2 protein chains.
Amino acid sequence: MSPTRALFTVFTMSEQRENILVHASDLFVKDGVEGFSMRKLARRVGVTAPALYRHFDSREALVFAVLGEAYRRMSRHLYAALEGESPRERLRLAGEGYVTFALEHPRLYDALFASPELVGIAELPPEVEAQGCAVGRFWNDRIRECMDAGILRRADPEAVGLTLWAHAHGLISLHARGLLMPGENGDTAAFMIIYRASIARLIQGLGVDVDEGDEQRDTLEAAAALPV
Amino acid sequence: MSPTRALFTVFTMSEQRENILVHASDLFVKDGVEGFSMRKLARRVGVTAPALYRHFDSREALVFAVLGEAYRRMSRHLYAALEGESPRERLRLAGEGYVTFALEHPRLYDALFASPELVGIAELPPEVEAQGCAVGRFWNDRIRECMDAGILRRADPEAVGLTLWAHAHGLISLHARGLLMPGENGDTAAFMIIYRASIARLIQGLGVDVDEGDEQRDTLEAAAALPV
DNA sequence: GTCTATAATCCGATAGAC
DNA sequence: GTCTATCGGATTATAGAC
């Protein structure tokens with residue numbers, strides 16, 4: 001490598017691409033979708049904006065890469081549930097892994113579920129789409145497993161999975177918007193208690209039992225004590 | 001009014017303010033948060049951009065007004081549930097009114113639950129915030145009413161209300177992102193079936209009954225027949 | 001109340017030198 | 001592979017004429 005070139009070439013092509021992607025994820029995490037620009041990213045990486053185009057064809061391609069990385073992180077959180085030693089434990093761990101990812105990376109979680117045009121892209125790349133389907137399959141497998149083990153009422157696993165997914169996603173979204181707890185916000189410990197109590201309600205059912213009438217359970221009392 | 005002034009003055013101040021607000025809501029509905037700009041709005045109203053500042057101090061003030069109008073529409077949908085003649089019917093109508101508003105005005109619904117910075121404002125105005133609280137109170141009242149009538153298991157109405165709200169919000173969000181049905185999207189009729197079936201699951205509970213084991217209910221069979 | 005004109009920023013992307 | 005310089009566009013908002 002000639003001395004004149006060494007002045008500019010600090011990273012190799014692929015190293016710098018990796019470096020840009022890391023900084024891009026950081027910027028996404030800090031400023032969210034709306035604050036993500038090529039110029040800001042270039043400033044953060046320590047180069048000028050045009051240099052980024054040597055590594056990514058466009059802003060859109062860069063966003064794709066960030067979303068792909070986000071999906072990979074979420075998958076890692078979820079798949080850790082396979083460490084559980086029973087169907088019930090694996091389902092519980094999957095639920096916890098999902099919400100943990102959402103709480104640890106709220107801007108990434110937002111971006112994964114935002115409308116494509118809101119992220120500044122036309123539509124999700126097929127690679128990311130496929131990862132989403134894989135996550136869905138993993139989730140449904142955990143539920144089917146619990147039905148087979150007699151822990152969940154037998155029904156269509158996909159339908160039950162959707163109910164649980166929608167509930168988790170909704171609770172996470174409302175929490176992220178600060179709509180759950182009136183005073184002290186950002187309290188993840190309090191949110192986790194609310195989250196678990198709400199899931200317990202889903203399992204038990206909101207309707208009255210045919211025989212036992214107006215009985216109260218422990219989990220419900222814990223939830224009732226919280227300021228919601 | 002002198003002839004020279006009449007050339008420009010077609011609306012009175014408040015009439016034009018109203019007119020701008022209507023067009024602003026339309027533009028919001030069409031282009032969403034990210035496509036809402038003073039210049040687009042001016043073009044649509046039929047004036048130039050600076051003219052808008054005679055009626056609204058800033059873009060932010062205009063967004064406030066649009067969000068306030070959106071909340072008023074949502075409230076109207078919800079409060080219609082008071083026409084119901086029993087607690088169960090009023091709760092059902094409230095749930096249907098909520099989802100109906102979300103499906104009829106998806107961009108407004110998005111805006112109401114989006115992070116303030118994503119709408120291009122610092123934070124929600126207190127007027128809108130207060131309307132949100134009122135909606136929450138109305139919803140909790142419907143649930144308390146059903147507990148008193150023995151239709152819902154007795155528990156903290158706010159906690160149960162949160163579970164139901166999160167589930168509805170999550171399902172609506174996932175539907176709006178096209179994540180529910182693989183092929184034909186935008187099918188609101190199919191979504192309503194999924195929505196109602198999922199609520200039925202919440203009421204009945206996902207866990208197994210202590211005695212009846214693996215029995216199947218009608219609503220679940222209907223849901224299982226759907227492609228999810 | 002509305003206009004024209006313009007200030008002041010931001011953005012994505014490209015050309016060509018080194 | 002990175003630079004400087006620049007194009008072409010978007011935006012919010014203001015000043016001053018009528």
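Chain identifiers are assigned alphabetically (A, B, ...) following the order of the sequence lines, protein sequences preceding nucleic acid strands; residue numbering begins at 1 within each chain. Remember, it's a predicted structure, so these values are computed and weren't measured experimentally.
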(request) Sequence neighbours left out, what pairs pass side chain to side chain donor-acceptor pair (under 3.5 Å) with at least one residue falling in residues 125-136 of chain A? (result) none
(message) Restricting to ring pair (Phe, Tyr, Trp, His ring centres under 6.0 Å), what partner residues turn up for B:His77, sequence neighbours left out?
(response) B:Phe101
(request) Scan for salt bridge (Lys or Arg N to Asp or Glu O under 4.0 Å) pairs involving residues 96-122 of chain B, sequence neighbours excluded, and state none if there are none. (result) A:Arg107-B:Glu117, A:Glu117-B:Arg107, B:Glu34-B:Arg107, B:Glu96-B:Arg196, B:Asp110-B:Arg177
Please tabulate, one pair per line, all N/O donor-acceptor pairs under 3.5 Å involving side-chain atoms of residues 166-173 of chain B, not counting sequence neighbours.
residue, atom, partner, partner atom, Å
B:His167, NE2, B:Ser198, OG, 2.6
B:His169, ND1, B:Tyr109, OH, 2.7
B:Ser173, OG, B:His169, O, 2.8

(request) Scan residues 17-39 of chain A against DNA chain D and write down, sorted by residue number, each residue with any heavy atom closer than 4.0 Å; if none is found, say none. (result) none
(request) Give the rounded distance in Å between these two atoms: CZ of A:Phe11 and C1' of D:dC3. (result) 17 Å
(message) When you compare the side chain of B:Leu91 with that of B:Glu145, does any pair of heavy atoms fall below 4.5 Å?
(response) no
(message) Output the rounded distance in Å from NZ (B:Lys40) to P (D:dG9).
(response) 16 Å
(request) To the nearest 0.5 angstrom, please state how far the CD1 atom of A:Ile20 sits from the CG atom of A:Leu27. (result) 12.5 Å
(request) Could I get the full list of side chain to side chain donor-acceptor pair (under 3.5 Å) partners for A:Arg17, not counting sequence neighbours? (result) none
(request) Apply side chain to side chain donor-acceptor pair (under 3.5 Å) to B:Arg43 and list each qualifying residue two or more places apart in sequence or on a separate chain. (result) none
(message) What is the separation between atom CG on A:Leu52 and atom P on D:dG1, rounded to the nearest whole Å?
(response) 13 Å
(request) Return the residues of residues 42-51 of chain B meeting this criterion: a heavy atom under 4.0 Å from some atom of DNA chain D. Order them by number, or give none. (result) B:Pro50
(request) Please report the C-alpha distance between A:Leu108 and A:Val66 in whole Å, then the side-chain angles of each, then the deciding distance to 0.1 Å, and finally whether the side chain to side chain contact (heavy atoms under 4.5 Å, CB included) criterion is met. (result) CA-CA 9 Å; A:Leu108 291 181; A:Val66 170; 4.2 Å; yes
(message) Can you give me the bend angle of the helix from C:dG1-D:dC18 to C:dC18-D:dG1? Use the axis through the first five pairs and the one through the last five, nearest 10 degrees.
(response) 10°
(message) Restricting to side chain to side chain donor-acceptor pair (under 3.5 Å), what partner residues turn up for B:Trp165, sequence neighbours left out?
(response) B:Tyr98
(request) Check each residue of residues 53-62 of chain A for a non-hydrogen atom within less than 4.0 Å of any atom in DNA chain C, then write out the ones that pass by number, or none. (result) A:Tyr53, A:Ser58, A:Arg59
(message) So A:Phe64 and A:Leu124, do their side chains get closer than 4.5 Å, heavy atoms only?
(response) no
(message) Using side-chain heavy atoms (C-beta onward) and a distance below 4.5 Å, is B:His55 in contact with B:Glu18?
(response) no
(request) Applying side chain to side chain donor-acceptor pair (under 3.5 Å), name anything that partners A:Arg92, two or more places apart in sequence or on another chain. (result) A:Glu89
